Each structure stands twice: as C-alpha cells, then as structure tokens.
Amino acid sequence: MPNKKGVEKLINKKGRRIDGRKFDELRPIKIDVGVLNKANGSAYIEWGKNKILVGVYGPREVHPRHLSKYDKALFRSRYHMAPFSVAERKSPAPSRREHELSKVIRECLEPTIFTELFPRTSIDVFIEVLQAEGGTRCAGITATSVALADAGIPIKDLVVACASGKIDGKIVLDLSDIEDQKGEADMPVAIIPRTGEITLLQMDGIFTQDEFEKALQISIEGCKKINAIQREAIKNKYLVEKASIEPEPEETVNEA
Amino acid sequence: MPNKKGVEKLINKKGRRIDGRKFDELRPIKIDVGVLNKANGSAYIEWGKNKILVGVYGPREVHPRHLSKYDKALFRSRYHMAPFSVAERKSPAPSRREHELSKVIRECLEPTIFTELFPRTSIDVFIEVLQAEGGTRCAGITATSVALADAGIPIKDLVVACASGKIDGKIVLDLSDIEDQKGEADMPVAIIPRTGEITLLQMDGIFTQDEFEKALQISIEGCKKINAIQREAIKNKYLVEKASIEPEPEETVNEA
Amino acid sequence: MPNKKGVEKLINKKGRRIDGRKFDELRPIKIDVGVLNKANGSAYIEWGKNKILVGVYGPREVHPRHLSKYDKALFRSRYHMAPFSVAERKSPAPSRREHELSKVIRECLEPTIFTELFPRTSIDVFIEVLQAEGGTRCAGITATSVALADAGIPIKDLVVACASGKIDGKIVLDLSDIEDQKGEADMPVAIIPRTGEITLLQMDGIFTQDEFEKALQISIEGCKKINAIQREAIKNKYLVEKASIEPEPEETVNEA
Amino acid sequence: MSENLGMVSKITQKRISELLKQDKRIDGRGLNDYRELKVEAGLIERAAGSALVTLGKTKVMVGVKIETGTPYPDTPDNGVLTVNVELVPLASPKFEPGPPKEDAIELARVVDRGIRESQALDLKKLCIVSGKKVFIIFVDIYALDFDGNLFDASTLASIAALKNAKMKDYVIKKDGELEYKANDISLPLQNYPVAISTAKIDDKLVVDPSLGEEIAADAAITVAIGKKGNICAIQKRKVGTFSVDEIIQIINLSKQKAKEIGAMFLKG
Amino acid sequence: MSENLGMVSKITQKRISELLKQDKRIDGRGLNDYRELKVEAGLIERAAGSALVTLGKTKVMVGVKIETGTPYPDTPDNGVLTVNVELVPLASPKFEPGPPKEDAIELARVVDRGIRESQALDLKKLCIVSGKKVFIIFVDIYALDFDGNLFDASTLASIAALKNAKMKDYVIKKDGELEYKANDISLPLQNYPVAISTAKIDDKLVVDPSLGEEIAADAAITVAIGKKGNICAIQKRKVGTFSVDEIIQIINLSKQKAKEIGAMFLKG
Amino acid sequence: MSENLGMVSKITQKRISELLKQDKRIDGRGLNDYRELKVEAGLIERAAGSALVTLGKTKVMVGVKIETGTPYPDTPDNGVLTVNVELVPLASPKFEPGPPKEDAIELARVVDRGIRESQALDLKKLCIVSGKKVFIIFVDIYALDFDGNLFDASTLASIAALKNAKMKDYVIKKDGELEYKANDISLPLQNYPVAISTAKIDDKLVVDPSLGEEIAADAAITVAIGKKGNICAIQKRKVGTFSVDEIIQIINLSKQKAKEIGAMFLKG
C-alpha cells in the first residue's frame, strides 16, 4: 500500500479514480439477507472489497438486567473488526475507534426502530468487519438495517449510509481505503430515505462550505441508489421464501 | 529537577532551605471553598506549588447497591493525579501509590464523620491533584475536610494534615518535592485538632527515636497553624454568603 | 536446565532415566492432609520436586449470588502458579494455560462429588503450585481429591491422576519437567479407581495407536499406586485424630 | 453525554421545551447566544502548557506534556499527537472512576480530529530522526465541572494549552540525541480551530447547549472550523436527526461563532 | 461449551436421548456420520491466508497473518505460531463480547496443540535471524455461526487457511533485513492434522456432535490425527467419564474419519 | 484488612473486648506477647531464595527471583526491588482471585518501604551497566493461611528469603554481558529490618494482633525497625486514632520486640 508521502495521483488525466470509477460512482455492492442460523436476523454485505457480516438478536431478555428500560427496548450495537480484516493484524480488543463507531452507529439506527413496542427487552446488533477497504461504517449501517428487517423488528424505514469526500481537490462519492488515507476529506452520511432526514454525519479533513454542500448532496444521492439495492435484497429473500414456504406479508419494512 | 546524585545542599549556611524557608516554616497555603457547581461540596487548595481540587458527593444512593450498609453511610475516597500534574506524564490509570493513598486518606477522615446519621447512603470524596510538588496527601486531606464541611456533612472536627521530615540531618516541617526526594525521612501526620488525636501517621526514611518525637511534635504544631487557615476559609465563605443570602447557622463544623 | 537443542539422552544405556528412574517408576510422592487452618479442607503434596498446596472452601454461600444453582452445588476450581514456582518469574495474572487447566481439573473432579446434596451453595477449590517440575496438574488433582475428603465433602471415590509419555521412543510413566520438554509425547490421565472410569485425558506429542494404548495402561497402573498413597495419607490423619480427640467415623470417603 | 445524565429533572426539561416555543432559553439566552467564556492559560507550571476554560458553569482543564518516542510506522516523519479525556467523578454525579467510557472516547476523538484535520500542529516539525524518534504531544483533557458542551470547551482549552506550551529549544546531534539550549520555544502551531456545538430540541436549534439542554435535545452536532472558515471536523450525536436545511443553517452559524471566539481568545 | 448453552430446550435434549436408544440421531444421521462439510479458501484477500468452513450449520472463518518479531527465548531458532479464538456474539445468543473466556481459551489451545504437536508447520524454516528475528504466524479463529463442534471445524479451517496462505518470497540480507522478491511462496506446511470430536450421551458415542448433542452429552473428546494415523493431541471435555474400551473405540473411529476428511479437503 | 473479614463472629469480638478489660487476651497471651514464630528458609529450590514464616496460625511464603533488566530513569545506578503481594484465596474465605486489591497493595508497599528505607539491600551493588542493565529482585509474598498480622510475617519472610537467596557469581564483560562463574554468592544485604504491628482495642494496645483482634481493633499501626533501633517505616491503619502518648509507647515496644526477633531469626 502506498504511504502518505506517495506522489501518485488519485485521479488520472481522464478524470478516473485509481480503481477506474467516475467521481460519483459507487463501488459494486452486494447484499445477502438471512445468512446466519443462530441470529434472529442477519445480513452480509460486500461493498468493494469490504466484507461485513451483521447479526441481530432480539427483542430478548436484557443481560445484565439492571440495564433494561421500563418503557422501551434497549438498543445496543457493537462494531468490531476481525484481526485479519486489515493490512496489519489488529488486536481483537476493541480500539477507541471501534468504541466510537459502535456509538455513532447505534445513534444512527435507533431513530428508525419502534423500541417502544418492546419494553424491558434488548435489541442487539453485532457488526463484524471481516475485510476492510474504506467505508466500513457506512457498509455496516446499510447492512444492519437490512438485518433488523430480516429479524422482523418493526422499523420506520431502512437506514442507508454512504460517504463522500475530497481527493485531488475534487468532490467524489464513496471513498476507498487509499482515497480516505491520501485524500483531503472524508464525510460519512446516513439518511432515512423516506423523509430525507440525516441520521449520521461525521466529517474530517478540509472542506469549504461549497465543497461541504456538494459532498452532502452526492452522499444523499449515493444513499438513494444503495437503498434500492437494500430493497432488492430483501425482496429477493422474500420472494424465495414465498416460493418455498407459506406466503406471509412482510411487515418489518414499511415500503411506501 | 536535580537528581538524587546531586550534591547540592538542602540547607544553606544560613540555615535556610532551598526555597528560603526556616526549618519549621510552612509553604504558603491558600484554600477556596465551594469552587465547583455540580459537587455537593468542594474545596481548592494551593499549598506551595501543589494545586488540588476536591469534590464531595453525598449522602447519596450507593452505587453499586450491594455495598450499602444498613447502619451507616459508606464513606469512600479516591486520590487521583492528573496526567499533567508531575514532571513525567503520568498514566491516568491509578497506580499502586494512588490506591494506597486513597485508603489511608479514607481511614484518616472517616473517624470525624457522623456516618451513622446516613445509613444506606454513600459519601464520596474525589481528590484530584492538578499539580504536585510534595505533600499532596496532606494537602488533599486538609482540603477534603473543608469540602466535607462545605457539603454540609456533619463532622466532629476538621482534620488537618502536615508532614515533617529530615533533610541534611535536621528535622524540618512540610517537605517540598525535592526535600522529600533527596532528604532522609518524610512523615505525613494528620490530627483532629480539638482532641489532638492522630488519625494518619506514615513514615519512611530513617529516624532515631528522638528525631521521631521531635518531628511528630512539629507536625502537630504545623497542623494547628493550618487548621486556622481552614477555619478562616470556611468563615470567609460563610460571611460572604451571609451578606448575600438569608443567614443560616453553619452547622457542619462544630467549633469549640 | 538444558535447552531443547541439547543432545543429551533422556534414557541411558542401562535403561535408566535422567533422575535414575525405571520406565514405569513414579517419582517419590508425599501427601499431608489438613495442613491449613482457614480452609475447610486442605492437602499438601510433594511429587518429585513439585510442591503444591490445595485448599477447599464449602459448601458455602455462592458469591456472586447469580451463579448459584437451584438443584446442586456450584463446583469451581482454580489452578494457579506462584511467581516463584518456575525457572523464569511468572506473572501472577492467570495465563491461558492456567485458565485451561482450571477448567479440565474442574471437569475431572466434578463427577465424583455429590453436588446435588448442596443446592444453592458453592464448593471452591484453590490449587497453588509453589514449585513446579512437570506433572503439576496430575499432582494437583490427586491432592485436591484428598483435600475434598478432608473438608468432609461427600465424594464417590478419590480421583487420582498420573501422566505417561514417550521419551527417546520409549513409553514411560510420570514425566519430569525435562522429560516433558524434550520428550515426544505427554499424556495426563485421571481415573476414578473403583470403577476404572477415565475422568481426565489429555495428550500432546506423537503416539502410534499401540504406543497410546500402552501409555494409557501404565498411567492407569500408576494411578492405582498413587491411590494407595492418598488413602494412607487420609488414614494417617484419621488415626492421629482418633488418638487425640473423640473418635468419630470418617464419612467423607467411602472406601469399598 | 446522552440519557445517562438523569440528574436534570423531567420538569426542567419540560420547562426548557416550553420556553423554546417562544424562542426563549431557560437561562435567558437567545438561541444563538454562547455562554460567558473565560480562558486562563499557564496555571499548571509543571505542564509544558495548560489552560482552564470556563464556559458558563462548565470548567475544563487541559495540560500539555511533551516527551520523545517513536513515530507511527505509517507516518515516520511526523510527531505524535495524543488526545486523552478523563471525565473525573468530581465533575458530575454521573461520572464514575475507571477507564474512559464511550462518551469520553468520542469526545477525545472529536477534539483530536478538530486539531489534527485542521493541521493546527505542524507535526512534521516535531520529527527528530525519521522513523526513529519524534516528539509526542500529550493533550490531557480534564473535565472539572460539567454543565454541558464539553466538546467546545475541550477543543478551546486544548488549543489554548497548545498555544501556551513551551519547550526548551534544542539542537539535534549527529547521534540523534537532543542537546537542549537555554531559551524556550513554542510548539509549531499554525491554525486555531474552534468547535461549535448546536443542539436540536423540538425543531429549535440552540448553540452552546447547557447540560439541561443537552439532555432535552433530540440531536446535537459539533462543527470544528479552521482557517478561513473552512470546515475541518463534524460529529452528529444523539438519536435524533437533522434535515439538510438545518445542517446548512448550523454550518453558517458555526462559522460565525467560531470567528468571534477565535478572535477573542486565540488571536496572535 | 458446557451447560451455559441453555438455548437448546430440555425437550430437544430428551428427544435426542430417546432417539439414541434406537441408535438414531435427531438430524437423521447415523452414530458415526459427520455432517456435511464445506471448505472455502481465500475469501479474505487482505489476509495472507483464509478459509471458511461450514459444518452443518456451524460456520468458522480463519484468517492467517504473517508478521516478523522476536522468537521465544527457549526456542531461538523457531518461528512463532499464535492461535487465537474469538467467540463473537453474532454466532450464538450465549457468546458475549469481551476478552476470551475459558471455553474460547480451551478451544484455541487444543487447536494450537493439534497444529503444533503434529509439526504441521516447520517452525525452523520461519526463523530469520536466530534469537533475534523470526516470522510470527497469527491464526485467528472466528466462529460465525455456532451449531456445535467448533473443535473440528476450527482445526480444519486453520489448516486450510495455513495451506491457502501466501507470502512474498524473500532473501535475508547480511544485516538481517528482508529483501522481498516478486513471487509468492507458501508456508512450510508438512502435515495436515485433522481433529475429530465425539460426544457420549447415555453410553452412546456420536461423532461430530451438533449443538443439541453437545449440550445433552455427559462427556466429549477431541482427537487430532496427524500423518500416518498418528495421534497428536487429545482433549477430554465435560464432566462425564469414559471407559478404556470407549476410548479405544473413539481412537479407531477418529483415525478413520480423519483419513476421509484429510483426503477430501487437504490432499495435495 | 479491615471490616471485610466478617467471619470472626460478633461474640468472639465481644469476648476479646471483655477479656482485655482485665488485660487478658483471648488466646491467653499477655498484651505485649508475640505469638510463636517459626522461620523455614530454602523450601523452594527453584527460587533464588525462599522462606516460610509461621506466626501462630498465620503462614506466609516468600520467594525471591533475580533477573536482569533496565533501571528506573531517575536511579540509573541502582538495581530494582519489586515487592508484590498475592492474597491467594486458599488463605482465607475472604480473599478472592483477581488482581491485588487495596489491602494487598498497602501490604506490599509497607513491606517494600521497610526493606527499601532501611537500605536492607545495597541496590548500588546490583547495577551492571549504569542506566542500561541492572539486577531486578522480585520479592513475591504469598499468604497461605491468614490468622492476622500479615505485615510482620510478610516483612520477616521477605528478609529471610532475601538472606537465603543465592545467585551465580559473575564477571561483567566489556560489552555489558554477564559471564557466570561456578560459585554462588549472596545478595548484598546490609540490614535486617523487623516490622512490629500493634492494635488498639478499646484503649488497650496489643502487639501482634491475631485475626480476631485485628477485626475488633479500632486502629492498628506497623513500625519497621532497622539497624541500631532506628525507625525506618510507619503505617497507621484502620479508622481509629492514637494519642501521642500511645504512639510513643508503641515505638518503645516495637524497638524491643524487633530486637528480640532480629536476634532470634536474622542474626549472622
């Protein structure tokens, strides 16, 4: 992997990025639903070379019990990277970064969950990054929302996330690992598609206000495209099941 | 800071110590009462270059609950040094020394607190050393007792502490950091002024019995002087408040 | 201690091992019963240069309480090595090896204990290796069973353990430290003598099936010899006590 | 800081909410008003640099220490910046002793990004021997009294403490050892980012939320503004959401407030 | 794995027990039948090697990383093998986040012994400079879906991932530094141990126990078989016991099963 | 050791208190009587030195290990002394597994100060290469049976184990490496401090308190006496207080007892 001092360009003369993408082009995204047996809901996402597995448990008894809430479900999330998911082996103990991402992911998803329907229970989300190549939090959020639907947990809408950023002075969509490391800014965004509400917004780097507004705009557009992939993945699962078992209305996702 | 191998004298030809003090002279001491908003009581002490902040919470619900006592308040104290308080940055995790000092400070102060008045509650003392220059435990104890009074917790008397020690073969009062490091003995002492009872006594170094007795004596005399500063600090707070709000008898400290 | 590259032989021309033993010969074993005051039962074993102290507490109240079982006693064991027990000072924090051995020792002993007689209590075993010279888990199990009897805890039989292994291509009994390190295989075995049941079996190294069967056989024979030493140790304690205090039937071990 | 700060009563929260319907705040401020702000630098003489920031009733102390050590493998020519937060229990009945929890970690990381991404410190100038020896700058944030908006107070105190920091001037000898000189030098500070936090309570946006407002808030966001009004870090917090319009409005306000605060406390 | 896996109901356990009286298993297998087994290598491109093993409904992912470091003082000429297990909570409602507990530690150590004692890896070939610098091989075992018999699945996935692993070919320069070449090489694997687990339920022995069977079992045992059918590691587990005859029978069956699985998945 | 040792019944404590009114102790001792004391050195052959001290029903084992390592930066010419206490759970129903808690830490630090401040070990003689390499002396204290007064028993066992310790004689080669010789040498011990503990129960002072007395006591104090009867460490414990007169009386008694014990067990 080229280091930060590397002089190579992130955008070539033809306006293409290192992996051949255009400025506003997403990496290939594939979502599989219901891939785990023990979890109540699950999803697997491949997003570029990111490979992330998400399992959802709950609503279930809260452990330890004193954390339970009398008026709603306790929603918890854990973002965790496998030791082999990055270039240098990562210690399996959660880093400060993993603690932070677990928190922002929880806060990003909770507004869409009808937690008030399940008082005194917990809904637990486990995100395991098996391979990381930039943008794992957005991929993790996108997959988790699908896994929540797969678990049959009532949600207002699927949450979908996508970063934008600045490389070689240009605003681009969906930064890869090397673009994140060598670029000038990175901004993960998550939205609730039906309302357009922003439920995650982080940024680091340097943006002028114009750049910021443009980046926010393309992130939102990216989110909308990815939302279609989420819906398609759920629909495929649903149709397959419909074909094999007794059909039953899918209530977990309210599609407008 | 000169290291232990340094050959310089701690006492000069005129009988003065490195900072110009006489053998039985205290460093300047200043106490501010009620400096924090959230704590139920607080005090800030500057003692030489020591700068220490103390907050008291309680009587309050015990957390975790199983530690509560049916017949009295649980009294806890935590002595902690800020990473920037000493020459080399200190890890924020409590060291073995901090654990020990938390224990001796708790045992030193508890005999003056009417814990039996507040069963099933806790009274928690937090001592944060912002800058350390020798004698922090004595300064911490002295300030904590004032903070307990500020919190309105009934106490039998203010506890006051002051070390004595031996440098260049002489018994002196209130060792500074360098005197502690390069001297021959250090002995922190705390007393309950009204009864003269000794409630903290630690020593390390080498004392003959005569030296020990002399050192104990000057520590006690030092404590008495500092007790006057404590009382003054509380009185100032009380008078100011009296001027601005409805007067109300100060019950927290029973002055004989 | 010779390192692994050492070329010396573990068996000499006369068919004797480094410490002079024959292939099927045990190291000297000595067991003292009831050596501690505070523990409910205790035993001290010297096995070669292994020196191990075992204390048993219980049946007693379970702490923390939520671990207690409504239908039987909670049986726990802790295998721990003193920092000075091995050549290089060992950190007192339990290693992964100590965690594993605590588990296999617990599983080895539990089948002989009438845990169903003591619901909602715990029986806790603490094994402290003061000096280690190979075979500490077998020595620890052997001593623990005696300590359980000393504590008056009803057991079906004494459990007894002894390793066998392969050195210089020969199957031998009871490997010493150096034989374990430089040999080709080590296999700790524990049995319940009355029934011949195998309650611990671990192995590492390389055995053909024939070698394995032979090793298992001599381990079992070794166990039987050690069982006699266990019984003798308990009888000695019992007779001594009988002589000095009011005789009382020893109920803790049901000897056939 | 979230809902674990239950010591602000439900009644207070209700009052905050009702007053906001008339664009009034419980402490009398306007929606876009910052609380009174005070910066005292240099109180801790044993630290290389220090600053105490008082923001209303919130108090944050920052101490800076400078040591030498090895650089990160992927940035061999850069000094190391380490930001740590201790939410010490005297600052709030809800802070507990122990290793930093989620809230403290997030705060540390957001302050860190504000400093790092604005390139406030020229880390290249803190390299001694490439790949082997660099200066490590420890920024230790100590919350002393917690009445809301630690993000802004901590960022300001950190920058003020870095600005206050002094180290002995030095020459790098051939063997990579340092020879210290008599005179003091400052850290290579080249930018002074300012963080501005805004909370959203029932569709109203209030800047510099107090503790009660933070608890009552549905969502909060911190924007760090660097040189020329550039945005250098953003962190949305809490379980509520923002519309795009609200975000744009917050960015505009943050730029304006950051400029005012920078001019007042960090100029020169 | 023991009794803390209470999520298999008492009724299921009773059913397992009753069927076994007629030598039947709850999933229809014969006593000596292994579940369907699948090995997919190389899914994780950023790891040096990786393998995903699916054993019935149990799924285990293993990633291999290769780094350089210092050898253990007592084996200065050997590379270092480090086996770590994470029982991540998405795999089972009973797995909790946090440092490895007793079960995970035992599993890691048994897999480690199977690899180490069979001399699967030629550690001598992983020495760079005696006593100073060696290759460290990290084998990280990740349970993704837990339906019993992690011992066999983890051992197989570990060996498959080691087999899959590639590193840049290298020359050791005079100063002990490595000069990497363009071509890839494999790790020095010289043996392919296979672990076979058997559970004992009411005097019946069943190979490759599913989760329900593991919970219902009185005792369990794992036997690792290396080259030429040699036994290279054994671990008896749970609080039940085995007779000598049962042990011999288990060894025989383990050799046969190991041969079949080795031939199917590890040949070449 | 404080009040967490509730296994001594209230009735016993009352009896202790009542007997003391007549200057009698529950085990028949006079107020100034020490329990029977036994020191056995060298039981742990694999340690450099060891000693088992039996004080009434209290038993403490100490093992000494000698390694090489780097000195502390502020004492580059001194060897390192490390005292650690493990209150292992077989010694008392109230000791729990886990990292040392407050009581164990205080005990370790008081024993450490007794040894260090009396200059029992000549740490300068344990320097190998100034600032780079020194001997590290580990003193590991293991409480095996706890019936009170661990402070005195641990200090005595530590000094006896240090006295018992042997290491290979050595020559320091030019490159700072050690060349070991055939003969053994002792550690550079130059003083034999003795710690004496006294408890105060209802205004009565009793030396060498048993567990019941420690629990019944209002206050306790440990005084370490070095060469020529000098005082080298003091630690007051528990929540009671002492008068100045009581302290003077305790110092006098401690000097006398320390002299007796030193003469009996540490002479030569």
Side-chain angles (χ1 to χ4, degrees), chain C residues 1 34-44 46 48-61 63-64 76-94 98-99 102 122 124-134 136 140 143-144 147 151 177, chain F residues 5-8 42-52 54-59 61-69 82-100 104 108 136-148 157 161 164-165 210-211:
Chain C
M1 188 172 31
V35 294
L36 296 178
N37 281 288
K38 293 295 164 187
N40 299 121
S42 60
Y44 173 71
E46 286 191 5
K49 285 183 186 157
N50 291 306
K51 299 186 179 189
I52 298 170
L53 194 53
V54 179
V56 171
Y57 284 91
R60 62 177 177 179
E61 211 179 310
H63 179 77
R76 295 184 285 201
S77 74
R78 181 180 191 245
Y79 166 98
H80 187 238
M81 301 186 91
F84 44 78
S85 64
V86 283
E88 294 264 307
R89 179 186 186 256
K90 198 207 143 283
S91 159
E98 285 166 290
H99 279 295
S102 295
S122 75
D124 295 305
V125 163
F126 301 107
I127 300 169
E128 287 293 340
V129 178
L130 302 176
Q131 182 160 278
E133 198 228 356
T136 54
T144 301
D177 203 19
Chain F
L5 294 163
M7 68 282 194
V8 172
L43 298 178
I44 304 300
E45 302 91 342
R46 297 197 86 163
S50 63
L52 175 66
T54 308
L55 174 59
K57 291 179 179 170
T58 289
K59 266 190 165 59
M61 171 77 90
V62 169
V64 169
K65 286 276 182 191
I66 303 169
E67 298 185 0
T68 59
T82 295
V83 178
N84 183 56
V85 165
E86 293 290 308
L87 299 182
V88 286
L90 52 60
S92 165
K94 292 295 171 184
F95 293 168
E96 287 175 11
I136 302 178
I137 311 299
F138 288 99
V139 173
D140 279 293
I141 298 171
Y142 238 60
L144 300 180
D145 218 351
F146 174 44
D147 193 42
N164 172 249
S210 64
L211 180 58

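Letters go in sequence order (proteins before strands), and every chain restarts at 1. Only this structure's heavy atoms are used, side chains among them; waters, hydrogens and symmetry mates stay out. All figures in this text were calculated on a predicted structure; none of them were measured in a lab.
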Novice: At a 4.5 Å cut-off on heavy atoms, which part of C/Val54 comes close to chain F: side chain, backbone, both, or neither?
Specialist: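 C/Val54 touches chain F through backbone heavy atoms alone.
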Novice: Assign the ring pair C/His80 / F/Tyr142 to parallel, tilted or perpendicular, where the plane angle (0 to 90°) is split at 30° and 60°.
Specialist: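 If you compare the ring of C/His80 with that of F/Tyr142, the planes turn out parallel.
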Novice: Whether the side chain of C/Asn37 engages the backbone of F/Thr58 through a donor-acceptor N/O pair (distance < 3.5 Å, no angle test) should be reported.
Specialist: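 No; zero donor-acceptor contacts below 3.5 Å.
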Novice: By a 4.5 Å heavy-atom criterion (distance strictly below it), what part of C/Val125 contacts chain F: side chain, backbone, both, or neither?
Specialist: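 Neither part; nothing is under 4.5 Å.
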Novice: Measuring from F/Lys65:NZ to C/Ser85:OG, what's the distance to the nearest 0.5 Å?
Specialist: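 These two atoms lie 7.5 Å from each other.
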Novice: Among the options F/Lys59, F/Lys57, F/Glu96, pick out the one with the most heavy-atom pairs lying under 4.5 Å from chain C.
Specialist: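 Ranked by contacts with chain C, first place is F/Lys57.
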Novice: Non-hydrogen atoms of chain C under 4.5 Å away: do they reach the side chain of F/Glu45, the backbone, both or neither?
Specialist: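 Its backbone and side chain both get close to chain C.
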Novice: Thinking salt bridges, do C/Glu88 and F/Arg46 make one under a 4.0 Å N-O criterion?
Specialist: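 Result for this pair is no, no salt bridge flagged.
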Novice: Under 4.5 Å from any heavy atom of chain C, what part of F/Ala91 do you find: side chain, backbone, both or neither?
Specialist: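 Looking at F/Ala91, just its backbone touches chain C.
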Novice: Identify all side-chain donor-acceptor contacts of residues 82-90 of chain F below 3.5 Å with residues at least two apart in sequence or on another chain.
Specialist:
from: F/Asn84; atom 1: ND2; to: F/Glu86; atom 2: OE2; distance (Å): 3.3
from: F/Asn84; atom 1: ND2; to: F/Asp140; atom 2: OD1; distance (Å): 3.4

Novice: Heavy-atom distance under 4.5 Å to chain C: side chain of F/Pro99, backbone, both or neither?
Specialist: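 Contact with chain C: none, neither part.
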Novice: Say you draw a straight line from CG of F/Asp147 to CG of C/Leu36; how long is it, rounded to the nearest 0.5 Å?
Specialist: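 Separation between the atoms: 12.0 Å.
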